[in-house]
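Some notes on the structure that comes next.
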Amino acid sequence: MKRSSLIMSALLAATAATATAQGAHPQGGTLTVPIITATFVEDFNPFSNAQEDLVRGTMFEPLWTHNVMKGEIDYRLAESFAYADDLMSMTITLRDDLTWSDGEVLDAEDVAYSLALGQEDATLDKTGKWADGLLASVEAVDPTTVRVTFNRPDSTFDWYVEQAYIVPEHIWRDVEDKITFKNADPVGSGPITQVTTMRDNQVEICRNPHYYKADDGLPFLDCIKFRQYSDNSQIQPALMAGEIDWGSNFIADIESTFVARDPENHGFWYPANDLVNLYLNTREAPFDDIDFRRAMSMSLDRETIVDLAAYGYPTVATHATGLGEYYAADFDEKVDAEFDQYVAYDPDAAIALLDEAGYVDVDGDGFRETPDGAPIDFGIQVVNGWTDWVQSAQMVAEYLAEVGIKATTETVDWSVYDTALKEGTYEASMNWSTAGVDPIQAYNDYFHPDRVGQSWHTNHGKASEEMGALIDEYGETTDTARRDEILAELMTYTGETMPFIPLFSNPTWYQYNSSRIGGWPSAENPTVQPVFYSSGRKLIVFEDLYQK
């Protein structure tokens, strides 16, 4: 890896005096963010998921991103896109001044190459649209034009393109195994590409010397410093001590532990984000019984779980139909009313349902057995170090015990958690859901059979060809009435099958320290949902930040 401190010092010195064309802010300064991991490794491969938060967006910039909070498309590498009248293709037009961080031209050939990677290898298909059969071909028409041809009419591909990593063809075409490739000397397109520090507990990545917005003085900040922490409990004191500028983690009692220490500079903003569910493997007993799943759900006091395990920050889930507060505008009162009883705290009803279904305590140990006499004892998987979720899972197990269901919290490493969810080898697992541009994206990840094995949210046993066809039809029409009908059918299917138990809407975990860095979004300045782990939304936030 190239880490010439002299070269980087010269680069930073040369650019530090540069201001934007509008004279907004001078360049300089470093943003410090925490990353929960055992150790940093010299791996900047965006496809391997090894250190995705270090590379997404700021190192590998998307073609565009949807700013859902503003209802706008923020164009990045692309300057526009357009669907054909028959919805059978999309034409993407790139900026004409793009360059990779090594000085090579970034053009349509790079974009076509990157989007086509998933055709032969599903693990490289970040859009998921080769896997579900939408894409037929991708071609570079000219240096700034890419045409994507579909196998069926579609009006939603732009929602998924922003997840794709655009990588330099001149680097990646000679890489034989693109998943295990470490990419130790990364070449990217975003504002922050140059790795200047690589240690077990700290990585610093600094500005791209060939960034296409350099003439506008962007980015304002020189570098991002990623600091390693083992879990949330280590991040909280670091944030309180002013060691971190941007936090994206659960912080206990934040008003008194963080804000009160420096009310002028310490802030947080928790807009609603993804719905957190307890996913159940419905292929295995006792989860193959809808009565058992519903009884589990009714045994949970979500209000208390949210208040005690997460300090009241999340929003309690009140519907069993698959959508949380992030999609509140899309709730269907008629459908919700049919299934809301199954997410209401009603332990008496849970006990009655279990009794009626034949789940009784045969051996007198206080816990129920299945109708055929087999013991019930399962683990709820959650990632080690996710303290609020660990506490939530523990409380779930406690409430289940109160109705005679034996469960334990099973804390695991990310790799185990990731594999179990994708391969469907878990018993029960806490995980989030998709919070995208449109609610159909959540259902696509819940039920489309082409997402099985690719997504954390699909391999519960209730994905189906029928639901996949509905999801596909949604993207093939612009008829809003038909789209509403399709959503209602998917909501009903979710309520009827209940392959996951909604717990709460996760807040967008976001804390900021403005003593050194300015430009933060907030409830008073809601420029974008401040999600650090989203390629585009992180990029929008970062572009506004500056050294005070």
Side-chain angles (χ1 to χ4, degrees), residues 1-16 18 27-33 35 40-48 50-63 65 76-78 94-95 97-107 110-111 113-114 126 162 164-172 175 178 181-199 202-226 246 532-543 545:
M1 176 179 294
K2 300 174 183 176
R3 297 196 199 91
S4 170
S5 59
L6 291 176
I7 293 176
M8 182 52 61
S9 295
L11 172 65
L12 298 183
T15 58
T18 305
Q27 292 182 332
T30 297
L31 173 72
T32 302
V33 298
I35 300 291
F40 288 126
V41 294
E42 198 167 15
D43 187 335
F44 302 97
N45 182 342
F47 300 109
S48 69
Q51 297 182 137
E52 198 166 17
D53 285 334
L54 274 64
V55 302
R56 71 171 96 214
T58 49
M59 182 178 285
F60 294 98
E61 190 158 327
L63 291 167
T65 187
R76 308 302 303 190
L77 299 179
L94 303 178
R95 297 173 182 268
D97 56 348
L98 298 175
T99 307
W100 292 106
S101 58
D102 63 356
E104 295 283 333
V105 172
L106 191 169
D107 60 16
D110 293 296
V111 174
Y113 169 80
S114 300
K126 293 294 185 178
E162 64 182 274
Y165 283 112
I166 307 304
V167 296
E169 182 182 12
H170 66 280
I171 301 293
W172 287 81
V175 175
K178 293 179 172 57
F181 175 52
K182 300 300 184 185
N183 198 30
D185 191 12
V187 173
S189 59
I192 299 295
T193 58
Q194 309 302 99
V195 181
T196 57
T197 300
M198 180 69 239
R199 297 200 296 265
Q202 185 169 295
V203 176
E204 188 168 67
I205 307 177
C206 294
R207 69 172 62 248
N208 176 356
H210 299 284
Y211 190 47
Y212 66 92
K213 291 190 176 184
D215 288 345
D216 295 326
L218 294 172
F220 300 129
L221 296 176
D222 285 334
C223 306
I224 301 179
K225 183 185 296 180
F226 302 90
W246 180 353
F532 183 77
Y533 44 84
S534 163
S535 296
R537 283 173 279 183
K538 174 173 72 173
L539 194 56
I540 293 172
V541 173
F542 179 73
E543 190 166 277
L545 300 182

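- A salt bridge between E61 and K213 is absent, with no side-chain N of the basic residue lying under 4.0 Å from a carboxylate O of the acidic one.
- In this structure, I35 and L54 have side chains that are in contact, with non-hydrogen atoms separated by less than 4.5 Å.
- A donor-acceptor pair under 3.5 Å is absent between the side-chain atoms of K225 and the main chain of T197, judged by distance alone.
- No side-chain heavy atom of Y165 sits under 4.5 Å from any side-chain heavy atom of W172.
- Distance check, rounded to the nearest 0.5 Å: CD of E42 to CG of N183 gives 10.5 Å.
- Rounding to the nearest 0.5 Å gives a distance of 7.0 Å between CD1 of I171 and CZ of F181.
- Here C206 contributes atom SG and I192 contributes atom CD1; the two are 6.5 Å apart, rounded to the nearest 0.5 Å.
- Note: L221 CG to T30 OG1 = 7.5 Å, rounded to the nearest 0.5 Å.
- Nearest heavy atom pair, residue Y533 against residue R56, reads O-NH1, 3.0 Å.
- Closest heavy-atom contact between V105 and D110: O-OD2, 3.4 Å.
- Residues E543 and P191 have side chains not in contact (no heavy-atom distance under 4.5 Å, counting atoms from C-beta outward).
- Put simply, the side chain of N45 gets close to the backbone of K178: a donor and an acceptor are under 3.5 Å apart.
- Residues S101 and T193 come closest through the heavy atom pair CB-OG1, 3.4 Å.
- With values rounded to the nearest 0.5 angstrom, D102 atom CG is found 9.0 Å from Q194 atom CD.
- Of the N and O atoms on the side chains of T65 and E162, at least one donor lies less than 3.5 Å from an acceptor on the other residue.
- In this structure, F60 and I166 approach most closely via the heavy-atom pair CD2-O, 3.6 Å.
- Between P168 and E104 there is no side-chain heavy-atom pair separated by less than 4.5 Å.
- Between T99 and L106 there is no side-chain heavy-atom pair separated by less than 4.5 Å.
- Two residues are said to be in side-chain contact when any heavy atoms from C-beta on lie closer than 4.5 Å; S189 and L98 fail this criterion.
- For the residue pair D43 and A50, the shortest heavy atom distance occurs at OD2-CB, 3.6 Å.
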V111 and L94: CA distance, side-chain angles, deciding distance, side chain to side chain contact (heavy atoms under 4.5 Å, CB included) verdict: CA-CA 9 Å; V111 174; L94 303 178; 3.7 Å; yes

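- Note: F532 and W246 meet the aromatic proximity criterion, with ring centroids under 6.0 Å apart.
- Contact check for V203 versus F44: side-chain heavy atoms found under the 4.5 Å cut-off.
- With rounding to the nearest 0.5 angstrom, the CZ atom of F226 is 11.0 Å from the CE atom of M198.
- With Q51 contributing its side chain and V41 its backbone, the two residues share a donor-acceptor pair below 3.5 Å.
- Between Y211 and R76, the closest heavy-atom pair is OH-NH2, 3.4 Å.
- Side-chain atoms of H170 and W100, non-hydrogen and from C-beta on, do get closer than 4.5 Å to each other.
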